[in-house]
Student: 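Sharing a structure with you now.
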There are 2 protein chains.
Amino acid sequence: MTEVVRVLLADDEHLIRGALAALLSLEDDLVVVAEAASGPEALAMARAHAPDVAVLDLQMPGADGVKVATSLRTELPGCQVLIVTGHGRPGHLKRALAAGVRGFVPKTVSAQRLAELIRTVHAGNRYVDPELAADAISAGDSPLTAREAEVLELAADGAPVAEIAERAALAEGTVRNYLSSAVTKLGAENRHAAVRLARERGWV
Amino acid sequence: MTEVVRVLLADDEHLIRGALAALLSLEDDLVVVAEAASGPEALAMARAHAPDVAVLDLQMPGADGVKVATSLRTELPGCQVLIVTGHGRPGHLKRALAAGVRGFVPKTVSAQRLAELIRTVHAGNRYVDPELAADAISAGDSPLTAREAEVLELAADGAPVAEIAERAALAEGTVRNYLSSAVTKLGAENRHAAVRLARERGWV
DNA sequence: TCGAGTGTCTGACATTTGTCATGCCCGGCG
DNA sequence: CGCCGGGCATGACAAATGTCAGACACTCGA
(Lines give C-alpha, C1' and ligand atoms only; values in the text may rest on other atoms or scores of the structure.)
Protein backbone atom coordinates (compact mmCIF):
# COMPACT_ATOMS: atom_id res chain seq x y z
CA MET A 1 0.00 0.00 0.00
CA THR A 2 1.23 3.48 -0.79
CA GLU A 3 -1.02 5.30 1.64
CA VAL A 4 0.75 7.28 4.35
CA VAL A 5 -0.50 7.25 7.93
CA ARG A 6 -0.46 10.67 9.58
CA VAL A 7 0.34 10.34 13.28
CA LEU A 8 -0.12 12.63 16.27
CA LEU A 9 2.24 11.94 19.17
CA ALA A 10 1.34 13.09 22.70
CA ASP A 11 3.54 12.45 25.74
CA ASP A 12 4.70 14.82 28.44
CA GLU A 13 8.18 13.31 28.49
CA HIS A 14 10.10 15.18 25.84
CA LEU A 15 12.84 12.57 25.85
CA ILE A 16 10.46 9.82 24.85
CA ARG A 17 8.36 11.86 22.48
CA GLY A 18 11.34 13.05 20.49
CA ALA A 19 12.95 9.65 20.38
CA LEU A 20 9.71 8.05 19.33
CA ALA A 21 9.11 10.59 16.60
CA ALA A 22 12.54 9.85 15.21
CA LEU A 23 12.01 6.10 15.23
CA LEU A 24 8.56 6.18 13.72
CA SER A 25 9.83 8.45 10.97
CA LEU A 26 12.10 5.63 9.85
CA GLU A 27 8.98 3.76 8.72
CA ASP A 28 8.17 4.69 5.15
CA ASP A 29 4.43 4.64 5.58
CA LEU A 30 4.28 6.64 8.83
CA VAL A 31 4.68 10.38 9.26
CA VAL A 32 4.49 12.25 12.53
CA VAL A 33 2.53 15.40 11.73
CA ALA A 34 2.24 16.81 15.25
CA GLU A 35 3.53 16.46 18.79
CA ALA A 36 2.03 17.52 22.11
CA ALA A 37 3.19 17.55 25.74
CA SER A 38 -0.20 17.82 27.46
CA GLY A 39 -3.82 16.82 27.10
CA PRO A 40 -5.18 20.18 25.93
CA GLU A 41 -2.25 20.64 23.59
CA ALA A 42 -2.92 17.23 22.09
CA LEU A 43 -6.52 18.24 21.41
CA ALA A 44 -5.47 21.51 19.79
CA MET A 45 -2.90 19.74 17.65
CA ALA A 46 -5.44 17.14 16.59
CA ARG A 47 -7.89 19.85 15.51
CA ALA A 48 -5.19 21.65 13.56
CA HIS A 49 -3.68 18.63 11.79
CA ALA A 50 -6.48 16.05 11.66
CA PRO A 51 -4.17 13.02 12.02
CA ASP A 52 -5.18 9.49 11.04
CA VAL A 53 -3.94 7.99 14.28
CA ALA A 54 -3.33 9.62 17.69
CA VAL A 55 -0.77 7.95 19.94
CA LEU A 56 -1.53 9.19 23.45
CA ASP A 57 0.26 8.68 26.75
CA LEU A 58 -2.16 7.74 29.50
CA GLN A 59 -0.61 10.10 32.04
CA MET A 60 -0.35 13.68 30.89
CA PRO A 61 -0.80 17.08 32.55
CA GLY A 62 -4.15 18.76 31.95
CA ALA A 63 -6.27 15.90 30.67
CA ASP A 64 -5.27 12.25 30.55
CA GLY A 65 -5.22 10.13 27.43
CA VAL A 66 -8.72 8.76 27.94
CA LYS A 67 -10.26 12.21 28.28
CA VAL A 68 -8.50 13.36 25.14
CA ALA A 69 -9.73 10.23 23.37
CA THR A 70 -13.30 10.98 24.44
CA SER A 71 -13.13 14.46 22.95
CA LEU A 72 -11.49 13.21 19.77
CA ARG A 73 -14.23 10.65 19.34
CA THR A 74 -16.80 13.34 18.70
CA GLU A 75 -14.62 15.98 17.09
CA LEU A 76 -12.62 13.77 14.76
CA PRO A 77 -14.43 10.47 14.26
CA GLY A 78 -11.97 9.45 11.56
CA CYS A 79 -9.02 9.64 13.92
CA GLN A 80 -8.22 6.32 15.61
CA VAL A 81 -6.68 6.42 19.05
CA LEU A 82 -3.86 4.23 20.37
CA ILE A 83 -3.00 4.61 24.05
CA VAL A 84 0.39 3.78 25.50
CA THR A 85 0.92 3.56 29.22
CA GLY A 86 3.87 3.24 31.57
CA HIS A 87 2.36 1.22 34.37
CA GLY A 88 -1.07 0.23 33.16
CA ARG A 89 -3.98 -0.24 35.51
CA PRO A 90 -6.98 -2.31 34.52
CA GLY A 91 -9.59 0.34 35.22
CA HIS A 92 -8.08 2.71 32.73
CA LEU A 93 -8.27 0.04 30.09
CA LYS A 94 -11.99 -0.33 30.64
CA ARG A 95 -12.51 3.43 30.55
CA ALA A 96 -10.38 3.65 27.45
CA LEU A 97 -12.37 1.03 25.55
CA ALA A 98 -15.59 2.74 26.58
CA ALA A 99 -14.18 5.95 25.11
CA GLY A 100 -13.71 4.27 21.74
CA VAL A 101 -9.95 3.74 21.95
CA ARG A 102 -8.77 1.16 19.41
CA GLY A 103 -5.44 0.16 20.95
CA PHE A 104 -4.00 -0.05 24.45
CA VAL A 105 -0.42 -1.17 25.09
CA PRO A 106 2.29 -0.76 27.74
CA LYS A 107 5.50 1.12 27.01
CA THR A 108 7.40 -2.14 27.24
CA VAL A 109 6.62 -2.89 23.60
CA SER A 110 9.30 -2.21 21.00
CA ALA A 111 9.14 0.67 18.55
CA GLN A 112 8.86 -1.84 15.72
CA ARG A 113 5.79 -3.34 17.39
CA LEU A 114 4.31 0.09 17.96
CA ALA A 115 4.65 0.90 14.29
CA GLU A 116 2.76 -2.28 13.44
CA LEU A 117 0.05 -1.40 15.91
CA ILE A 118 -0.35 2.05 14.44
CA ARG A 119 -1.06 0.38 11.10
CA THR A 120 -3.40 -2.06 12.82
CA VAL A 121 -5.59 0.59 14.41
CA HIS A 122 -5.44 2.70 11.28
CA ALA A 123 -6.95 -0.25 9.43
CA GLY A 124 -9.84 -0.08 11.86
CA ASN A 125 -8.83 -3.11 13.93
CA ARG A 126 -8.43 -3.24 17.68
CA TYR A 127 -5.49 -4.39 19.74
CA VAL A 128 -5.20 -4.68 23.51
CA ASP A 129 -2.10 -5.97 25.28
CA PRO A 130 -2.97 -9.52 26.43
CA GLU A 131 -1.51 -9.09 29.90
CA LEU A 132 -3.38 -5.86 30.54
CA ALA A 133 -6.55 -7.49 29.24
CA ALA A 134 -6.07 -10.41 31.62
CA ASP A 135 -5.63 -8.01 34.53
CA ALA A 136 -8.78 -6.17 33.58
CA ILE A 137 -10.77 -9.39 33.36
CA SER A 138 -9.47 -10.73 36.67
CA ALA A 139 -10.28 -7.41 38.32
CA GLY A 140 -13.86 -7.80 37.09
CA ASP A 141 -16.58 -5.26 37.51
CA SER A 142 -16.82 -2.89 40.40
CA PRO A 143 -18.93 -4.31 43.24
CA LEU A 144 -19.53 -0.77 44.49
CA THR A 145 -22.81 1.06 44.07
CA ALA A 146 -22.82 4.57 42.65
CA ARG A 147 -23.01 6.25 46.04
CA GLU A 148 -20.37 4.00 47.53
CA ALA A 149 -17.96 4.88 44.76
CA GLU A 150 -18.80 8.57 45.06
CA VAL A 151 -18.21 8.65 48.79
CA LEU A 152 -15.05 6.59 48.49
CA GLU A 153 -13.69 9.06 45.99
CA LEU A 154 -14.40 11.98 48.27
CA ALA A 155 -12.57 10.11 51.03
CA ALA A 156 -9.54 9.60 48.80
CA ASP A 157 -7.48 12.49 50.10
CA GLY A 158 -8.00 11.69 53.76
CA ALA A 159 -10.80 14.17 54.39
CA PRO A 160 -12.77 13.65 57.62
CA VAL A 161 -16.29 12.25 57.44
CA ALA A 162 -17.90 15.59 58.28
CA GLU A 163 -16.42 17.20 55.18
CA ILE A 164 -17.41 14.30 52.95
CA ALA A 165 -20.95 14.44 54.34
CA GLU A 166 -21.18 18.14 53.56
CA ARG A 167 -19.85 17.79 50.02
CA ALA A 168 -22.12 14.85 49.27
CA ALA A 169 -25.12 16.42 51.05
CA LEU A 170 -25.53 13.34 53.26
CA ALA A 171 -25.75 12.66 56.97
CA GLU A 172 -22.49 11.63 58.60
CA GLY A 173 -23.94 8.29 59.54
CA THR A 174 -24.78 7.61 55.91
CA VAL A 175 -21.29 8.43 54.79
CA ARG A 176 -19.86 6.10 57.41
CA ASN A 177 -22.25 3.44 56.26
CA TYR A 178 -21.18 3.68 52.62
CA LEU A 179 -17.54 3.71 53.53
CA SER A 180 -18.01 0.69 55.73
CA SER A 181 -19.88 -1.09 52.97
CA ALA A 182 -17.20 -0.29 50.41
CA VAL A 183 -14.45 -1.42 52.77
CA THR A 184 -16.22 -4.73 53.33
CA LYS A 185 -16.85 -5.34 49.64
CA LEU A 186 -13.22 -4.66 48.78
CA GLY A 187 -11.98 -6.78 51.64
CA ALA A 188 -9.88 -3.91 52.93
CA GLU A 189 -8.77 -3.15 56.48
CA ASN A 190 -10.03 0.45 56.50
CA ARG A 191 -11.16 3.23 54.22
CA HIS A 192 -7.67 4.20 53.13
CA ALA A 193 -6.69 0.70 52.07
CA ALA A 194 -10.04 0.55 50.27
CA VAL A 195 -9.23 3.72 48.33
CA ARG A 196 -5.91 2.23 47.28
CA LEU A 197 -7.52 -1.01 46.11
CA ALA A 198 -10.28 0.77 44.22
CA ARG A 199 -7.69 3.00 42.55
CA GLU A 200 -5.58 0.06 41.48
CA ARG A 201 -8.55 -1.64 39.92
CA GLY A 202 -9.88 1.49 38.30
CA TRP A 203 -13.12 1.46 40.27
CA VAL A 204 -13.01 5.09 41.29
CA MET B 1 38.19 15.14 21.43
CA THR B 2 38.26 11.79 19.70
CA GLU B 3 37.50 9.73 22.79
CA VAL B 4 34.30 7.68 22.65
CA VAL B 5 31.98 7.49 25.65
CA ARG B 6 30.68 3.97 26.29
CA VAL B 7 27.13 4.12 27.64
CA LEU B 8 24.91 1.64 29.51
CA LEU B 9 21.18 2.26 29.12
CA ALA B 10 18.73 0.89 31.71
CA ASP B 11 14.99 1.43 31.55
CA ASP B 12 12.15 -1.03 31.87
CA GLU B 13 10.20 0.58 29.07
CA HIS B 14 11.45 -1.07 25.93
CA LEU B 15 9.88 1.61 23.77
CA ILE B 16 11.92 4.34 25.37
CA ARG B 17 15.12 2.37 25.76
CA GLY B 18 15.22 1.39 22.13
CA ALA B 19 14.34 4.83 20.89
CA LEU B 20 16.92 6.39 23.14
CA ALA B 21 19.61 4.00 22.03
CA ALA B 22 18.90 4.92 18.45
CA LEU B 23 19.04 8.64 19.13
CA LEU B 24 22.19 8.53 21.22
CA SER B 25 23.90 6.46 18.52
CA LEU B 26 23.51 9.41 16.19
CA GLU B 27 26.07 11.23 18.30
CA ASP B 28 29.55 10.47 17.01
CA ASP B 29 31.21 10.38 20.39
CA LEU B 30 28.61 8.20 22.14
CA VAL B 31 28.15 4.45 21.80
CA VAL B 32 25.55 2.38 23.63
CA VAL B 33 27.39 -0.78 24.65
CA ALA B 34 24.62 -2.39 26.73
CA GLU B 35 20.93 -2.17 27.56
CA ALA B 36 18.97 -3.47 30.53
CA ALA B 37 15.30 -3.65 31.52
CA SER B 38 15.69 -4.17 35.28
CA GLY B 39 17.94 -3.28 38.20
CA PRO B 40 19.73 -6.61 38.49
CA GLU B 41 20.13 -6.84 34.75
CA ALA B 42 21.67 -3.37 34.71
CA LEU B 43 24.22 -4.47 37.29
CA ALA B 44 25.08 -7.60 35.34
CA MET B 45 25.46 -5.62 32.14
CA ALA B 46 27.66 -3.07 33.85
CA ARG B 47 29.95 -5.80 35.15
CA ALA B 48 30.18 -7.39 31.73
CA HIS B 49 30.77 -4.23 29.70
CA ALA B 50 32.33 -1.75 32.15
CA PRO B 51 30.68 1.34 30.59
CA ASP B 52 31.95 4.88 31.13
CA VAL B 53 28.51 6.24 31.92
CA ALA B 54 25.37 4.44 33.16
CA VAL B 55 22.05 6.08 32.32
CA LEU B 56 19.54 4.62 34.78
CA ASP B 57 15.80 5.02 35.08
CA LEU B 58 14.75 5.70 38.65
CA GLN B 59 11.83 3.28 38.55
CA MET B 60 12.76 -0.23 37.49
CA PRO B 61 11.72 -3.72 38.56
CA GLY B 62 14.06 -5.48 40.95
CA ALA B 63 16.22 -2.64 42.20
CA ASP B 64 15.66 1.05 41.54
CA GLY B 65 18.21 3.35 39.95
CA VAL B 66 19.63 4.54 43.25
CA LYS B 67 20.28 1.01 44.51
CA VAL B 68 22.01 0.13 41.27
CA ALA B 69 24.07 3.30 41.54
CA THR B 70 25.13 2.36 45.07
CA SER B 71 26.38 -1.04 43.90
CA LEU B 72 28.12 0.45 40.89
CA ARG B 73 29.91 2.94 43.10
CA THR B 74 31.92 0.18 44.77
CA GLU B 75 32.17 -2.29 41.90
CA LEU B 76 32.97 0.13 39.09
CA PRO B 77 34.29 3.39 40.57
CA GLY B 78 35.21 4.64 37.11
CA CYS B 79 31.61 4.43 35.90
CA GLN B 80 29.69 7.68 36.33
CA VAL B 81 25.95 7.46 36.91
CA LEU B 82 23.24 9.65 35.39
CA ILE B 83 19.70 9.11 36.63
CA VAL B 84 16.60 9.96 34.61
CA THR B 85 13.19 10.01 36.20
CA GLY B 86 9.62 10.29 35.03
CA HIS B 87 8.05 12.09 37.93
CA GLY B 88 10.89 13.06 40.22
CA ARG B 89 10.50 13.31 43.94
CA PRO B 90 12.93 15.27 46.10
CA GLY B 91 13.71 12.44 48.47
CA HIS B 92 15.07 10.32 45.71
CA LEU B 93 17.33 13.12 44.63
CA LYS B 94 18.87 13.30 48.07
CA ARG B 95 19.34 9.54 48.20
CA ALA B 96 20.80 9.60 44.72
CA LEU B 97 23.40 12.24 45.52
CA ALA B 98 24.34 10.35 48.67
CA ALA B 99 24.89 7.29 46.48
CA GLY B 100 27.41 9.18 44.39
CA VAL B 101 25.18 9.84 41.38
CA ARG B 102 26.62 12.60 39.16
CA GLY B 103 23.50 13.62 37.28
CA PHE B 104 19.76 13.69 37.97
CA VAL B 105 17.26 14.88 35.37
CA PRO B 106 13.57 14.45 34.50
CA LYS B 107 12.49 12.73 31.31
CA THR B 108 11.17 16.02 30.01
CA VAL B 109 14.65 16.94 28.75
CA SER B 110 15.39 16.50 25.05
CA ALA B 111 17.61 13.76 23.69
CA GLN B 112 20.08 16.42 22.55
CA ARG B 113 20.31 17.72 26.09
CA LEU B 114 20.72 14.20 27.45
CA ALA B 115 23.65 13.63 25.14
CA GLU B 116 25.29 16.78 26.46
CA LEU B 117 24.72 15.66 30.02
CA ILE B 118 26.28 12.27 29.35
CA ARG B 119 29.40 14.11 28.24
CA THR B 120 29.17 16.36 31.29
CA VAL B 121 29.08 13.55 33.82
CA HIS B 122 31.71 11.62 31.89
CA ALA B 123 34.01 14.60 32.32
CA GLY B 124 33.52 14.21 36.06
CA ASN B 125 31.15 17.15 36.50
CA ARG B 126 27.78 17.10 38.21
CA TYR B 127 24.42 18.21 36.93
CA VAL B 128 21.10 18.29 38.74
CA ASP B 129 17.91 19.61 37.17
CA PRO B 130 17.36 23.07 38.70
CA GLU B 131 13.67 22.52 39.39
CA LEU B 132 14.20 19.20 41.11
CA ALA B 133 17.03 20.77 43.13
CA ALA B 134 14.74 23.60 44.20
CA ASP B 135 12.12 21.10 45.30
CA ALA B 136 14.67 19.18 47.32
CA ILE B 137 15.95 22.33 49.00
CA SER B 138 12.48 23.59 49.82
CA ALA B 139 11.64 20.18 51.26
CA GLY B 140 14.66 20.46 53.55
CA ASP B 141 15.65 17.90 56.13
CA SER B 142 13.22 15.64 57.86
CA PRO B 143 11.86 17.14 61.08
CA LEU B 144 10.90 13.65 62.26
CA THR B 145 12.76 11.79 64.97
CA ALA B 146 13.87 8.20 64.38
CA ARG B 147 10.90 6.67 66.18
CA GLU B 148 8.43 8.99 64.52
CA ALA B 149 9.68 8.01 61.09
CA GLU B 150 9.66 4.34 62.03
CA VAL B 151 6.09 4.41 63.28
CA LEU B 152 4.93 6.47 60.32
CA GLU B 153 6.41 3.93 57.96
CA LEU B 154 4.61 1.09 59.72
CA ALA B 155 1.40 3.09 59.40
CA ALA B 156 1.95 3.53 55.66
CA ASP B 157 -0.30 0.71 54.46
CA GLY B 158 -3.21 1.65 56.66
CA ALA B 159 -2.53 -0.82 59.45
CA PRO B 160 -4.43 -0.19 62.70
CA VAL B 161 -2.57 1.18 65.71
CA ALA B 162 -2.68 -2.15 67.55
CA GLU B 163 -0.71 -3.86 64.82
CA ILE B 164 1.83 -1.05 64.62
CA ALA B 165 2.26 -1.16 68.37
CA GLU B 166 2.93 -4.87 68.28
CA ARG B 167 5.40 -4.67 65.42
CA ALA B 168 7.25 -1.78 67.05
CA ALA B 169 7.02 -3.27 70.54
CA LEU B 170 5.39 -0.13 71.89
CA ALA B 171 2.24 0.68 73.85
CA GLU B 172 -0.68 1.80 71.70
CA GLY B 173 -0.71 5.17 73.38
CA THR B 174 2.91 5.70 72.44
CA VAL B 175 2.25 4.87 68.82
CA ARG B 176 -0.64 7.32 68.76
CA ASN B 177 1.63 9.91 70.29
CA TYR B 178 4.32 9.53 67.63
CA LEU B 179 1.79 9.56 64.85
CA SER B 180 0.20 12.67 66.27
CA SER B 181 3.58 14.33 66.58
CA ALA B 182 4.51 13.44 63.02
CA VAL B 183 1.19 14.69 61.71
CA THR B 184 1.67 18.00 63.51
CA LYS B 185 5.23 18.46 62.29
CA LEU B 186 4.22 17.75 58.71
CA GLY B 187 1.19 20.01 58.95
CA ALA B 188 -1.06 17.20 57.76
CA GLU B 189 -4.74 16.57 58.48
CA ASN B 190 -4.31 12.98 59.62
CA ARG B 191 -1.87 10.11 59.59
CA HIS B 192 -2.59 9.11 56.02
CA ALA B 193 -2.00 12.54 54.60
CA ALA B 194 1.18 12.61 56.68
CA VAL B 195 2.36 9.38 55.10
CA ARG B 196 1.75 10.84 51.66
CA LEU B 197 3.65 14.03 52.46
CA ALA B 198 6.59 12.17 54.00
CA ARG B 199 6.72 9.89 50.97
CA GLU B 200 6.72 12.82 48.56
CA ARG B 201 9.60 14.45 50.38
CA GLY B 202 11.58 11.27 50.76
CA TRP B 203 11.42 11.29 54.56
CA VAL B 204 10.33 7.71 54.97
C1' DT C 1 -50.62 -7.02 42.80
C1' DC C 2 -47.67 -8.24 45.87
C1' DG C 3 -43.52 -9.94 47.78
C1' DA C 4 -38.38 -10.48 47.31
C1' DG C 5 -34.35 -8.23 46.46
C1' DT C 6 -31.49 -4.15 46.21
C1' DG C 7 -30.01 0.52 46.73
C1' DT C 8 -30.34 4.65 49.57
C1' DC C 9 -30.39 6.80 53.88
C1' DT C 10 -30.51 7.47 59.01
C1' DG C 11 -29.42 7.37 64.17
C1' DA C 12 -27.49 4.69 68.11
C1' DC C 13 -23.71 2.24 69.83
C1' DA C 14 -18.89 0.17 70.12
C1' DT C 15 -14.31 0.71 68.64
C1' DT C 16 -10.46 3.19 67.04
C1' DT C 17 -7.88 7.31 66.67
C1' DG C 18 -6.09 11.91 68.11
C1' DT C 19 -4.68 15.00 71.95
C1' DC C 20 -2.93 16.12 76.32
C1' DA C 21 -0.46 16.03 80.73
C1' DT C 22 2.98 13.62 82.69
C1' DG C 23 7.25 10.76 84.02
C1' DC C 24 11.75 8.79 82.74
C1' DC C 25 16.39 8.80 80.83
C1' DC C 26 20.41 10.86 78.86
C1' DG C 27 23.81 14.39 77.17
C1' DG C 28 25.30 19.17 77.42
C1' DC C 29 26.33 23.26 80.16
C1' DG C 30 26.81 26.78 83.89
C1' DC D 1 27.14 18.69 90.86
C1' DG D 2 22.64 20.27 89.63
C1' DC D 3 19.72 21.82 86.19
C1' DC D 4 17.81 22.17 81.80
C1' DG D 5 16.22 20.52 76.99
C1' DG D 6 14.94 17.00 74.00
C1' DG D 7 13.72 12.42 72.72
C1' DC D 8 11.19 8.32 74.37
C1' DA D 9 7.31 6.26 76.53
C1' DT D 10 2.70 5.86 78.90
C1' DG D 11 -2.29 6.22 80.24
C1' DA D 12 -6.56 9.01 80.42
C1' DC D 13 -9.79 11.53 78.01
C1' DA D 14 -12.21 13.61 73.89
C1' DA D 15 -13.21 13.18 69.04
C1' DA D 16 -13.55 10.63 64.89
C1' DT D 17 -14.45 6.29 62.75
C1' DG D 18 -16.59 1.73 61.98
C1' DT D 19 -20.66 -1.31 62.79
C1' DC D 20 -25.31 -2.44 63.27
C1' DA D 21 -30.41 -2.72 62.84
C1' DG D 22 -33.85 -0.77 60.55
C1' DA D 23 -36.95 2.60 57.52
C1' DC D 24 -38.19 3.93 52.91
C1' DA D 25 -38.41 3.79 47.76
C1' DC D 26 -37.92 1.33 43.54
C1' DT D 27 -37.58 -2.64 40.22
C1' DC D 28 -38.48 -7.02 38.65
C1' DG D 29 -40.82 -11.61 38.36
C1' DA D 30 -44.28 -14.67 40.05
Side-chain angles (χ1 to χ4, degrees), chain A residues 91 94-95 98 139-204, chain B residues 91 94-95 98 139-204:
Chain A
K94 206 172 304 176
R95 283 202 303 134
D141 276 345
S142 173
L144 304 177
T145 68
R147 287 277 187 264
E148 282 164 359
E150 180 186 342
V151 169
L152 195 59
E153 197 158 11
L154 288 172
D157 52 0
V161 171
E163 186 179 324
I164 300 171
E166 188 181 7
R167 292 218 271 167
L170 289 175
E172 295 191 14
T174 310
V175 171
R176 279 196 282 276
N177 185 289
Y178 286 148
L179 288 175
S180 179
S181 171
V183 165
T184 302
K185 284 179 179 175
L186 297 179
E189 282 296 318
N190 54 43
R191 66 169 73 176
H192 305 282
V195 168
R196 268 216 321 277
L197 280 172
R199 279 263 155 86
E200 281 173 15
R201 298 176 191 178
W203 291 340
V204 292
Chain B
K94 207 174 303 174
R95 284 201 304 133
D141 276 344
S142 173
L144 304 176
T145 67
R147 287 277 187 265
E148 283 163 359
E150 180 187 341
V151 170
L152 195 60
E153 197 156 10
L154 287 172
D157 51 0
V161 170
E163 186 180 324
I164 299 171
E166 189 181 6
R167 291 217 271 168
L170 289 174
E172 294 191 13
T174 310
V175 171
R176 278 197 285 275
N177 185 287
Y178 284 147
L179 288 175
S180 179
S181 171
V183 166
T184 304
K185 283 179 179 174
L186 297 179
E189 282 296 318
N190 53 43
R191 68 170 69 178
H192 306 281
V195 168
R196 269 214 321 274
L197 280 172
R199 278 265 154 86
E200 281 173 14
R201 298 176 191 176
W203 291 340
V204 290

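Throughout, a chain's letter reflects where its sequence line sits, starting with A, and its residues are numbered from 1.
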Student: Would you indicate which nucleotide in C:dG7, D:dC8, C:dT10 comes nearest to any side-chain atom of A:Thr145?
Tutor: C:dG7
Student: So, does B:Thr174 get its side chain near the phosphate of D:dT10, meaning an N or O under 4.0 Å from OP1 or OP2?
Tutor: yes
Student: Using a cut-off of 4.0 Å between protein heavy atoms and nucleotide atoms, how would you tag nucleotides 13-27 of chain D 5' to 3' with B, S and -?
Tutor: ----BBBBB------
Student: What nucleotide among D:dT10, D:dC8, C:dC9 has an atom nearest to a side-chain atom of B:Arg147?
Tutor: D:dC8
Student: Mind calculating the distance between CD (A:Glu148) and C1' (C:dT6) to the nearest angstrom?
Tutor: 11 Å
Student: Just the rounded figure in Å: distance from P of C:dG7 to CG of A:Leu170.
Tutor: 17 Å
Student: With a 4.5 Å heavy-atom cut-off, do A:Leu144 and A:Leu152 have their side chains touching?
Tutor: yes
Student: Would you mind reading off the distance between B:Tyr178 atom OH and D:dG6 atom C1', rounded to a whole angstrom?
Tutor: 11 Å
Student: Begin from the C-alpha positions of A:Lys185 and A:Glu148 and carry the test side chain to side chain contact (heavy atoms under 4.5 Å, CB included) through to its verdict.
Tutor: CA-CA 10 Å; A:Lys185 284 179 179 175; A:Glu148 282 164 359; 2.9 Å; yes
Student: Identify the two heavy atoms, one from B:Leu186 and one from B:Pro143, that lie closest to each other, and give their separation to 0.1 Å.
Tutor: CD2-CG, 4.4 Å
Student: Between A:Asn190 and B:Pro160 (side chain of the first, backbone of the second, donor and acceptor by atom type, cut-off under 3.5 Å), is there such a pair?
Tutor: no
Student: Taking all non-hydrogen atoms of both residues into account, name the closest pair between B:Ala156 and B:Arg199 and its distance.
Tutor: CB-NH2, 3.6 Å
Student: Between A:Asn177 (side chain only) and A:Ser180 (backbone N and O only), is there a donor and an acceptor less than 3.5 Å apart?
Tutor: no
